[in-house]
Structure formats: structure tokens, C-alpha cells
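What follows is a short report on a single structure.
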Amino acid sequence: MPELPEVEIVKQSLNKKIKHKKIKKVIIRNRNLRSKIPINFSNYLKNQKVIKVDRFSKYLILTLSNKKICLIHLGMSGTIHYINKNKASPVSNLSFYSSIRLPIKHNHIEIEFDDSKIIYNDPRRFGFFEIVKNKKLLKKRLSHLGPEPMSEEFNIKYVFQYFKNKKKNIKNFLLDQGFVSGIGNIYASEILFLCEIKPDQIVSKLDESKCKSIIDYSKKVLSEAIKKGGSSIRDFKNISGKEGNFQKIFKVYDREGLKCKKIKCKGVIQKKMISNRSTFFCNSCQK
DNA sequence: AAGAGGCCCTGATAGC
DNA sequence: TGCTATCAGGGCCTCT
């Protein structure tokens with residue numbers, strides 16, 4: 001569910017709420033996530049301070065005072081909720097979704113501080129919590145990931161070279177975390193719309209200027225989404241709190257059958273399954 | 001060795 | 001009302 005911008009929003013709010021706080025207690029309510037939470041997981045966290053919270057791609061990285069690292073991925077449906085013990089309600093929510101009440105089912109992990117706690121909830125269990133023993137191992141753990149879209153490394157030389165002789169379509173590559181890491185299914189469609197490139201375009205056929213527009217719009221869309229607080233769709237909608245706002249300006253995602261938003265374009269937004277993921281595009285201005 | 005497809009899991013919604 | 005089928009923001013594994 002959460003793509004890079006949403007994970008960034010979670011990271012920012014975690015830094016505001018739990019940075020420098022000491023972990024007093026860890027409760028595992030359900031070990032079953034993408035990988036099973038190890039029996040001794042709590043031992044690494046207990047009595048440690050949270051030094052900082054970082055993010056790479058869609059991963060959250062909690063550095064603890066014992067130098068161990070708690071690596072978190074939210075999968076499709078993972079959310080983190082922050083509760084201040086002194087304030088009964090409403091509950092402020094660290095997921096980019098918001099909720100004034102706590103989820104009841106599918107709470108997997110609770111991490112308690114003196115005055116507050118965070119709860120990890122994940123109905124589909126595609127997320128995970130892992131302990132990585134040091135920085136070097138973290139680098140190794142994340143070594144399969146390509147550059148982030150906003151980084152300098154994601155440049156024309158890299159992209160043009162990467163696309164040479166490749167026969168997959170561009171939508172597939174934007175979702176391929178080894179090529180570029182952080183873009184997910186929603187932003188892939190949004191980026192390609194702005195580039196005026198059809199999602200099933202084979203990448204070896206893209207010229208340099210098209211590659212350049214993919215780079216520029218990837219950076220632009222993701223930074224814009226972060227500014228808007230991410231995208232809140234489906235979950236917890238219509239509940240007051242810190243919802244993201246980017247979904248309000250989706251150009252193509254979930255707009256099947258509606259008119260293209262580009263000025264003077266008479267096109268209609270189409271939905272097509274590409275590698276089993278729904279993909280939205282304009283049948284007229286995307287070539 | 002790149003690329004296609006299946007699978008992990010629960011919940012919401014659509015269609016009959 | 002109550003079935004069944006399909007789809008959902010991700011990523012890994014296997015097969016060809």
C-alpha cells in the first residue's frame with residue numbers, strides 16, 4: 001500500500017513522536033508477518049532509546065542506542081498508530097491514513113514508551129519487522145534496491161544505459177525496485193501520464209528525451225506527494241485526522257472511464273492489467 | 001539471464 | 001441474505 005511518499009510521512013511523524021524515547025516494553029500479539037517475528041525480537045528493543053528514524057525506499061529504519069537496527073516494511077496494509085497515554089482520545093495516527101479509533105483486529109506489535117506507545121497493525125501481513133545487527137549488514141540487506149527516484153544517481157546516463165536491449169515495458173520497470181526504488185503502483189501510473197508515455201511501451205524504444213521526462217516526473221510526482229502528505233485511499237477514509245491529500249489530485253489512478261485532465265485532450269482514462277497490477281492511462285495523449 | 005506468472009494474506013465490494 | 005469471484009498501495013520465489 002504505502003509507497004515512498006507515504007512511508008516518508010510515517011518516518012517524519014515517528015521522528016516527531018518517538019525520537020530519543022526509551023522503549024520500556026514490547027508486546028508481540030501476533031508473530032505472523034511476511035517473515036515470522038523472532039522469539040527474541042523484544043530483547044533487542046527493550047530498554048533502548050530510539051536514536052533516529054530513517055527511510056530508504058519503502059523501508060523504515062529505526063536506529064537504537066545499542067546500535068542495532070529495526071528494519072520495518074509496511075507491505076500492502078501495514079499501519080503504525082501512535083497513542084499518547086496521557087491523552088485519552090482522539091488518537092493521533094502515524095500512518096498517513098488517519099483514524100480516531102484504534103484498530104481492534106490485526107494488531108501485531110506494540111512498542112511502549114513512558115508516556116506513549118506505537119501499535120503496528122497489518123491485516124494482510126505482507127509487512128515485516130526485522131532486527132539488523134549493524135549498519136554494514138543493513139547496507140547488505142538493502143543492496144538489491146536501485147537508487148531512489150529523487151537521488152542524483154537516478155539520472156539520464158543510468159536510465160538510458162539500463163534500458164538498452166531490455167524488452168519489458170516501462171510500467172514494469174517503474175515497479176522494479178532493483179531499477180528504481182520507492183515507486184509503487186499508484187505513482188507509476190501518475191508518472192507515465194505526465195510523461196505522455198503508454199505504460200506498455202517497451203523501454204528499449206524510448207529515446208533520451210523520453211527517458212529524461214521519466215526521471216524528471218518521477219522526482220516531481222514523489223516530492224509533490226510528500227508535500228501533500230501522501231495519498232490516502234480506501235482505508236480509514238471519511239475519518240477525521242491527518243489524511244494525505246495527494247489522492248485528490250490523481251490524474252489517472254482510479255479514474256477509469258473519466259475524461260483526461262490534460263487541457264485540450266479529448267481522451268478517456270483506461271484501465272488495463274499489466275503484470276497483474278491495475279494500470280491507468282489516457283488512450284489519447286499517452287503514446 | 002531476463003521476463004512472466006504465481007503466491008503470500010485478509011477484507012471490501014460487486015454480481016448473482 | 002448469502003454465497004462466489006475479483007481486486008487492493010508489495011515483494012519474493014520459481015520456472016522457462
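What you see below is based on every heavy atom in this structure, not just the backbone, and it leaves out hydrogens, waters and symmetry mates. Proteins get letters first, then strands, A, B, ... in listed order; numbering begins at 1 in each. For clarity, every value in this text was computed on a predicted model and none was experimentally measured.
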Whole angstrom value for the distance that separates C1' of C:dA8 from CD1 of A:Ile186: 10 Å

When you check the phosphate oxygens OP1 and OP2 of C:dG10, does a side-chain N or O of A:His73 lie under 4.0 Å from one of them? no

What is the separation between atom CG on A:Leu174 and atom C1' on C:dG11, rounded to the nearest whole Å? 16 Å

d(CD1, A:Ile183; P, C:dG11) in whole Å: 12 Å

Contact nearer the 5' end of DNA chain B, comparing A:Pro123 with A:Ser275: A:Ser275

A:Phe126, nearest nucleotide to its side chain (from C:dG11, B:dC9, C:dA8): B:dC9

With under 30° as parallel and over 60° as perpendicular, where do the rings of A:Phe128 and A:Tyr59 fit, or are they tilted in between? tilted

Under 4.0 Å: is that the gap between some side-chain N or O of A:Lys58 and OP1 or OP2 of C:dG11? yes

Round to the nearest Å and state the distance from A:Lys168 atom NZ to B:dA4 atom P. 7 Å

Can you tell me the base-pairing partner of B:dC9? Count Watson-Crick or G-U wobble geometry only, both distances below 3.5 Å, and say none if there is no partner. none

Counting distance alone, no hydrogens or angles: does the base of C:dA8 have a donor or acceptor under 3.5 Å from a partner atom on the side chain of A:Arg277? no

Measure centre to centre between the rings of A:Phe280 and A:Phe193, then say whether the value is under 6.0 Å. no

So, OP1 or OP2 of C:dG11: does either fall under 4.0 Å of a side-chain N or O from A:His144? no

Does A:Lys135 reach the main-chain N or O of A:Ile69 with its side chain, forming a donor-acceptor pair under 3.5 Å? no

Would you please confirm or rule out a distance under 4.0 Å between OP1 or OP2 of C:dA8 and any side-chain N or O of A:Lys271? yes

Of the listed nucleotides B:dT10, B:dG3, C:dG10, the one nearest the side chain of A:Phe173: B:dG3

I want to verify a distance call: between C:dC12, C:dG10, C:dG11, whose nearest atom is closest to the A:Glu3 side chain? C:dG10

Tell me which nucleotide among C:dG11, C:dC12, B:dC9 gets nearest to the side chain of A:Arg124. B:dC9

Between A:Glu148 and A:Arg55, is there a side-chain N and carboxylate O pair less than 4.0 Å apart? yes

Nearest-Å distance for atom pair NZ/P, residues A:Lys164 and B:dA1: 20 Å

Categorize A:Phe128 for me: base, sugar-phosphate, or nothing, with a 4.0 angstrom heavy-atom threshold over every strand shown. nothing

Closest of B:dC9, C:dG10, B:dG11 to the A:Arg125 side chain is B:dC9

P-based separation of C:dG11 from B:dA1 [nearest Å]: 24 Å

Calculate the interatomic distance between A:Asp176 atom CG and C:dG11 atom P; express it in whole Å. 11 Å

Within the structure shown, what part of the strands sits under 4.0 Å from A:Tyr187 by heavy-atom distance: base, sugar-phosphate, or nothing? nothing

If you check every side-chain atom of A:Lys167, which of B:dT10, B:dG3, C:dG11 has the closest atom? B:dG3

Ion pair check, A:Lys212 and A:Asp216, cut-off under 4.0 Å: yes

Output the single nucleotide from B:dG3, B:dG11, C:dG11 whose closest atom is nearest the side chain of A:Lys166. B:dG3

A:Met273 CE to B:dA4 P, in whole Å, measures 16 Å

Measure from CG on A:Asp254 to P on B:dA12 and round the result to the nearest Å. 17 Å

Give the C-alpha distance, both sets of side-chain angles, the deciding distance and a yes or no for ring-ring contact (aromatic ring centres under 6.0 Å, His included) between A:Phe163 and A:Phe179. CA-CA 10 Å; A:Phe163 284 175; A:Phe179 165 60; 5.1 Å; yes

Is A:Ser278 touching bases, backbone alone, or none of the nucleic acid, heavy atoms closer than 4.0 Å? sugar-phosphate

